[in-house]
Number of protein chains: 2
Amino acid sequence: MRHVSYHHGNLREALVEAAVELGRERGPDGIVIREVARRTGVSHNAAYRHFADRDELLHEVTQVGLDGLSAAMLARVKRVRVKDPVERARRRLREVGKAYVDYALAEPGLFAVAFSGPSFGDLTGPYQHLTDALDECLAVGYLPPAKREGAELTCWAGVHGFSMLHSTGPLRDVPRRQRDADLGRLLDRLDEALRA
Amino acid sequence: MRHVSYHHGNLREALVEAAVELGRERGPDGIVIREVARRTGVSHNAAYRHFADRDELLHEVTQVGLDGLSAAMLARVKRVRVKDPVERARRRLREVGKAYVDYALAEPGLFAVAFSGPSFGDLTGPYQHLTDALDECLAVGYLPPAKREGAELTCWAGVHGFSMLHSTGPLRDVPRRQRDADLGRLLDRLDEALRA
DNA sequence: CCTCTATGTGGACGTTGTCAACATAGAATC
DNA sequence: GATTCTATGTTGACAACGTCCACATAGAGG
């Protein structure tokens, strides 16, 4: 579907797509307006008809990254096939955490973009999946009511820190085996912290 | 102490100092060679006699940031005045975590630089303080031996995630009161996770 | 006094974000 | 169908950046 007209048709989407690809490949600093335009086959200034500035384009990529994260979490939660309600709730919470880390490791560029200021996207989606999992743990009686408050932040901080350190951080060269074992332990500790 | 000679005398240190100040004020992207030179009162190219490129200068700032973090941790640990060995060990571990987060919040720019690739500094210092605190918890019998392995990462991930989210991340506008309460809860959960 | 080397300067190039002026396609109006 | 309007793309410019090269100079050692 090559366009031939002067007007592109849906340049905005094409630009976002190219920007996402750049973010995926090179992280936040790799999202460069002129390169985005080049890849879209359009002049270096065309993007300014659709985005006020670079930050606005970056913001779009941020949102795509967060949406991907949210989708990954949901997919993993839905795949849980455990009958026992308590075990199912625990397992779902664990899958939420795993999905978070897996996404950060599978898409380090987009993950970095998603959490690189100055304007953050809407993290309602990912946050809601975490909240839902915790609510379920509470409902089935696994999570004591006294521990419900602030539980989101405890979990989020843990998996976010793990993700940051391993995706683009100082632990990025830790071999996969050990990383998996470490993540398993971290999730075990979070589970214990909420249960105890 | 104005220099008058053509040669500066200790330009390298002066450049690092200016770069640190820029990093403190504006974060990693704010460390700009030409601005560093300007603030040091030398030509835009002078830095290349002391650093191969921008990354090498950035790396110096990274190390300064990590040294500051290490010093902050040590200072807080040394101030603990608890007699009971078990309580002292617990308290020291908690202070290590608090120091980490406090530093990240007090110096968001330097903290961001310290954990911004591509080359990371030597985090032996900070890591050692955490290891020491955990070893002490083990020695006094508070931390069960089975939980000792990987305990560093559990703690580090938690405080690092909390720091990232609150210093320059999406939770940076959370009011101080709530942030403090949230940190308290996080440290409580970590304590429980290691004890249980 | 002379030369050598380390260190700082000046100017250049290519890249970036962004602005202003211009051009054109497609829709709206007559 | 011809004309005007507006949304959308293009061209050219500017300043700031990292970096390279040629040059200048200070201070040390002969």
Side-chain angles (χ1 to χ4, degrees), chain A residues 1-63 109 112-113 116-119, chain B residues 1-63 109 112-113 116-119:
Chain A
M1 295 293 259
R2 217 60 209 102
H3 71 281
V4 279
S5 68
Y6 185 91
H7 284 355
H8 183 285
N10 59 348
L11 181 55
R12 187 189 166 92
E13 292 174 36
L15 289 171
V16 171
E17 211 167 317
V20 167
E21 187 51 31
L22 265 179
R24 190 191 323 271
E25 295 170 9
R26 310 181 189 174
D29 292 349
I31 300 179
V32 156
I33 291 201
R34 293 171 102 107
E35 175 66 16
V36 169
R38 240 169 269 137
R39 292 189 176 200
T40 314
V42 87
S43 88
H44 68 267
N45 249 328
Y48 285 90
R49 298 296 164 187
H50 302 273
F51 309 95
D53 52 17
R54 180 177 173 276
D55 281 343
E56 207 166 298
L57 177 57
L58 212 65
H59 189 267
E60 294 293 312
V61 182
T62 290
Q63 200 51 56
V113 174
S116 78
S119 88
Chain B
M1 298 294 260
R2 215 64 207 103
H3 73 281
V4 278
S5 68
Y6 185 89
H7 283 358
H8 183 282
N10 61 348
L11 182 53
R12 186 187 164 92
E13 292 173 37
L15 289 170
V16 171
E17 210 167 317
V20 166
E21 188 51 31
L22 265 179
R24 192 194 319 273
E25 294 170 9
R26 311 181 189 174
D29 292 348
I31 300 179
V32 155
I33 290 202
R34 292 172 104 108
E35 175 65 15
V36 169
R38 236 170 272 135
R39 291 188 176 200
T40 314
V42 294
S43 85
H44 68 270
N45 251 328
Y48 285 90
R49 297 296 164 186
H50 302 273
F51 308 96
D53 53 16
R54 179 176 174 276
D55 281 343
E56 207 167 296
L57 177 57
L58 212 67
H59 188 267
E60 294 294 312
V61 182
T62 291
Q63 199 51 56
V113 174
S116 79
S119 88

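Here is how names work: the chains are called A, B, and so on, in the same order as the sequence lines, proteins then strands, and each is numbered from 1. When reading the values below, keep in mind they use all heavy atoms of this one structure, side chains included, and skip hydrogens, waters and symmetry mates.
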Rounded to whole Å, how long is the line connecting atom CG of B:Leu58 with atom P of D:dG18? 11 Å

Can you find a donor-acceptor N/O pair under 3.5 angstrom joining the side chain of A:Arg34 to the base of C:dT18? yes

Below 3.5 Å between N/O atoms, which protein atoms pair up with nucleotides 20-23 of chain D? Just atom names and distances, please.
from   : atom 1 : to      : atom 2 : distance (Å)
D:dC20 : N4     : B:Asn45 : OD1    : 2.7
D:dC20 : N4     : B:Asn45 : ND2    : 2.2
D:dA22 : N6     : B:Arg49 : NH2    : 3.4

Whole angstroms only, please: what is the CG-P distance between A:Leu57 and C:dG17? 10 Å

Rounded to the nearest Å, what distance is computed from the CD1 atom of residue A:Ile33 to the P atom of nucleotide D:dC17? 18 Å

Quickly work out the A:Asp53 CG to C:dA20 C1' distance and round it to whole Å. 17 Å

Name the closest nucleotide to the B:Arg38 side chain, picking from D:dC17, D:dG9, D:dT19. D:dC17

Nearest-Å distance, CG (B:Asp29) to P (D:dA16)? 18 Å

Run the side chain to side chain contact (heavy atoms under 4.5 Å, CB included) test on A:Arg12 and A:Arg49 for me, step by step, so that the C-alpha distance in whole Å, both residues' side-chain angles and the decisive distance to 0.1 Å come before the verdict. CA-CA 9 Å; A:Arg12 187 189 166 92; A:Arg49 298 296 164 187; over 6 Å; no

Side chain of B:Ala46: nearest nucleotide among D:dT10, C:dG8, C:dT18? C:dG8

Do the side chains of A:Arg39 and A:Glu25 get close enough for a salt bridge, i.e. N-O under 4.0 angstrom? yes

May I have the distance from A:Leu22 (atom CG) to C:dT16 (atom C1'), rounded to whole angstrom? 14 Å

A:Asn10 CG - C:dG26 P separation (whole Å): 14 Å

Side chain to side chain contact (heavy atoms under 4.5 Å, CB included) for A:Tyr48 and A:Ile33? Distances and angles first, verdict last. CA-CA 9 Å; A:Tyr48 285 90; A:Ile33 291 201; 3.5 Å; yes

Ranking D:dT19, C:dG8, C:dT18 by distance to the side chain of B:Arg54, first place goes to D:dT19

To the nearest Å, how far apart are A:Leu15 CG and D:dT10 P? 10 Å

For DNA chain C, whose closest nucleotide is more 5', that of B:Arg12 or that of A:Val32? B:Arg12

Side chains of B:His59 and B:Asp55: closer than 4.5 Å at any heavy-atom pair? no

